[in-house]
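A short write-up of the structure that comes next.
Every chain is numbered from 1, with letters handed out A, B, ... down the list of sequences.
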Number of protein chains: 2
Amino acid sequence: MRTISPPVGLPALNEIDLVGQVARRLTEAIVQGRLPPGSKVVEAGIARELGVSRAPVREAARLLEQQGLLVANPRRGFFVRQFAADDIDEIYDLRLCVERHAAVLAARNLTPETRDKLRRQIEVLHETADLDDPARQVEEDYRFHRLICEIAGNRRMLRLFDDLASELRMVIGLIGRLYDDPHEIARTHEPVLAAIEAGHPERIVAHVDYHIGHAWREVGRLVREIPPWPAAAK
Amino acid sequence: MRTISPPVGLPALNEIDLVGQVARRLTEAIVQGRLPPGSKVVEAGIARELGVSRAPVREAARLLEQQGLLVANPRRGFFVRQFAADDIDEIYDLRLCVERHAAVLAARNLTPETRDKLRRQIEVLHETADLDDPARQVEEDYRFHRLICEIAGNRRMLRLFDDLASELRMVIGLIGRLYDDPHEIARTHEPVLAAIEAGHPERIVAHVDYHIGHAWREVGRLVREIPPWPAAAK
DNA sequence: CAAGATCAAACTGTCGACAATCGACGATTA
DNA sequence: TAATCGTCGATTGTCGACAGTTTGATCTTG
């Protein structure tokens with residue numbers, strides 16, 4: 001295995017875990033909207049662009065396929081997943097299901113350290129709100145929710161959350177702007193944490209439902225507002 | 001693309017969706033315990049055995065990796081996933097989380113047709129109970145639970161269920177015998193369906209909790225009873 | 001005899017090549 | 001003119017090969 005010829009502009013891919021790196025690059029390109037939904041992912045093109053051969057690209061594509069970012073059409077290639085309104089509903093429905101459970105478990109496992117982590121993350125959310133960087137804001141938002149799943153202590157659930165988040169990142173990225181006032185978003189996390197600290201399952205579920213349900217409705221509204229997705233190139 | 005040289009004993013792989021077929025064969029070998037947990041999956045070996053090259057085998061392995069049946073160690077290869085007691089807990093915890101939700105949704109979407117499907121499946125469970133075919137019994141059991149997820153109408157949730165089921169099949173396959181009397185198993189599905197037909201969310205959740213919780217405890221007990229998993233061959 | 005160094009075989013990661021297939025475009029025909 | 005067919009370039013699916021790494025065995029040395 002040798003070092004890879006430097007692709008233009010981007011830092012060169014080094015030699016370990018090429019597949020993982022290609023997967024990350026592809027994911028980036030998709031959630032940033034550089035590869036719009038419905039567009040064809042030409043193996044040779046990606047390979048040339050990244051300065052690798054097609055084999056690692058194909059393997060990475062399989063990963064993203066399993067993650068739901070790509071769709072494979074045998075003999076026709078990989079295509080960037082297109083989302084419809086009911087996809088949004090599915091994702092949020094599943095997310096609600098997972099996060100309710102995670103929050104209840106997290107409350108059960110809560111220690112002073114993990115509690116502080118959550119509090120600190122809400123602070124970060126407030127700080128980020130001033131930065132006018134929607135992508136960053138979304139990222140820090142997920143980090144809070146991810147923390148809850150982490151604290152819940154079920155690794156499979158955490159992976160599921162990550163998968164859902166990567167699909168959502170794609171959707172949010174396409175919407176292009178934040179669906180709400182950043183400070184407002186930061187604030188709405190507080191009752192969730194409060195409920196977790198209080199530790200009453202019903203209250204936790206209620207607050208998680210409210211919080212996620214809010215995002216669900218907002219995203220759903222925006223998606224329906226801009227129905228023809230941004231130019232499914234090719 | 002040409003036809004594949006016939007592997008010994010098994011029907012030859014034809015030319016379409018080679019990756020999918022290899023994946024199925026591998027899954028089979030794993031859940032049947034022919035590839036024991038911890039064992040190394042040698043790409044060239046599998047490839048030779050199936051009469052294909054290593055490329056499709058690698059791609060299939062990536063699929064199974066994402067599904068959790070294989071673990072990839074960079075530069076060392078793919079290994080059959082090993083389950084510990086806490087894996088069982090994670091899987092059942094997640095399954096509980098999903099099936100509660102699915103059952104409530106299924107109740108909401110229930111039509112006379114889907115209701116009959118569920119009833120019929122319980123009959124099948126009873127019929128299968130007489131056959132003394134544990135694998136079949138487990139399969140029909142899953143089919144009932146899968147039906148609920150199907151009726152719930154969230155495709156992502158259905159896929160998640162399938163992934164969990166394939167992990168569980170592997171575990172159950174390793175245990176080798178059924179964890180309970182087949183007729184008893186068939187019977188315990190009835191209250192779940194009854195609750196879904198009645199349509200009270202709390203009752204549905206309670207019955208699903210009881211049903212799945214029972215399997216959880218039984219499987220957990222058996223796993224702890226036979227702690228050293230069957231010879232992690234090499 | 002144990003611990004470390006040395007070496008060979010086995011295996012993985014990646015590549016380039018080639019045939020089969022797809023899709024677009026233009027020619028042919030009714 | 002519209003529909004069908006054939007051709008050609010572009011792209012996928014698969015393969016065999018090669019380089020570098022890991023592994024396990026053997027040999028060396030304290």
Side-chain angles (χ1 to χ4, degrees), chain A residues 1-7 10 12-26 29 35 38-66 69-81 232-234, chain B residues 1-7 12-26 29 35 38-66 69-81 231-234:
Chain A
M1 196 174 341
R2 59 193 169 299
T3 343
I4 299 304
S5 67
L10 297 161
L13 271 52
N14 62 33
E15 62 269 12
I16 39 167
D17 194 20
L18 211 42
V19 172
Q21 294 186 52
V22 173
R24 244 162 294 157
R25 286 272 173 97
L26 271 178
L35 287 176
S39 63
K40 187 160 158 43
V41 177
V42 181
E43 299 170 9
I46 305 293
R48 207 174 35 249
E49 199 171 323
L50 299 180
V52 301
S53 80
R54 281 173 50 219
V57 174
R58 282 181 62 90
E59 291 188 29
R62 293 277 179 206
L63 286 186
L64 298 207
E65 182 199 358
Q66 202 72 0
L69 292 190
L70 295 181
V71 178
N73 288 40
R75 303 230 158 274
R76 303 201 36 236
F78 292 92
F79 295 80
V80 179
R81 175 84 189 249
K234 187 120 204 240
Chain B
M1 194 171 341
R2 60 194 168 300
T3 344
I4 298 306
S5 67
L13 271 53
N14 63 31
E15 61 268 14
I16 40 167
D17 195 20
L18 210 45
V19 173
Q21 295 187 52
V22 172
R24 261 184 302 267
R25 287 272 172 96
L26 271 178
L35 287 176
S39 63
K40 186 163 159 43
V41 177
V42 181
E43 298 171 9
I46 305 292
R48 207 176 36 249
E49 200 170 324
L50 299 181
V52 300
S53 81
R54 280 173 51 217
V57 174
R58 282 181 62 90
E59 291 188 28
R62 293 278 180 208
L63 287 185
L64 299 206
E65 182 198 359
Q66 203 71 2
L69 292 189
L70 295 181
V71 179
N73 288 41
R75 304 233 145 271
R76 303 199 38 234
F78 292 92
F79 295 79
V80 179
R81 175 85 188 244
K234 196 75 196 288

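When each of C:dT14, D:dT11, C:dC11 is scored by its nearest atom to the side-chain atoms of A:Val42, the top-ranked nucleotide is D:dT11. Set against C:dT12, D:dC15, C:dC15, the side chain of A:Pro56 has C:dC15 as its closest nucleotide. Comparing C:dG13, D:dT12, C:dC15 by their nearest atom to the side chain of B:Glu43 picks out C:dG13. In this structure, the nucleotide among C:dC15, D:dT12, D:dT14 sitting nearest to the side chain of A:Ser53 is C:dC15.
OP1 or OP2 of D:dT12 lies within a sub-4.0 Å distance of a side-chain N or O belonging to A:Lys40. Under 4.0 angstrom from either OP1 or OP2 of C:dG16 there lies no side-chain N or O belonging to A:Arg54.
Protein atom CG of A:Leu18 is 18 Å distant from nucleotide atom P of D:dA19, rounded to whole Å. Between A:Arg58 atom CZ and C:dC15 atom P there is a gap of 15 Å when expressed in whole angstrom units. We find that CG of A:Asn73 is positioned 12 Å from C1' of C:dC22, with the value rounded to whole Å. One interatomic measurement links the two molecules: CD of A:Glu65 to P of D:dG13, which rounds to 10 Å at whole-angstrom precision. Atom CZ of B:Phe78 is separated from atom P of D:dT22 by 16 Å (rounded to the nearest Å). Atom-to-atom, CZ of A:Arg62 to P of D:dG13 comes out at 7 Å; the value is rounded to the nearest Å. Between B:Arg48 atom CZ and D:dG16 atom P there is a gap of 13 Å when expressed in whole angstrom units. The nearest whole Å value for the distance from the CG atom in A:Leu50 to the C1' atom in C:dT14 is 14 Å.
Side-chain contact between A:Glu59 and A:Arg62 is absent, with no heavy-atom pair separated by less than 4.5 Å.
A distance-only check finds no donor-acceptor pair linking the side chain of B:Asn73 to the backbone of B:Arg76 [under 3.5 Å].
Interface remark: the B:Arg76 side chain does not form any donor-acceptor pair with the C:dG13 base, using a distance-only criterion of under 3.5 Å.
Here the straight-line distance linking atom CG of A:Leu26 with atom CG of A:Leu50 works out to 7.0 Å at 0.5 Å rounding.
The residue among B:Ala55 and A:Pro74 whose nearest nucleotide of DNA chain C lies closer to the 5′ end is B:Ala55.
Contact annotation for B:Val41: backbone-only contact, meaning every heavy-atom pair under 4.0 Å involves sugar-phosphate atoms and none involves a base.
B:Gln66 meets the side chain to side chain donor-acceptor pair (under 3.5 Å) test with no other residue; sequence neighbours excluded. Here A:Ala55 pairs with A:Ser53 under the side-chain contact (heavy atoms from CB on, under 4.5 Å) rule; sequence neighbours left out.
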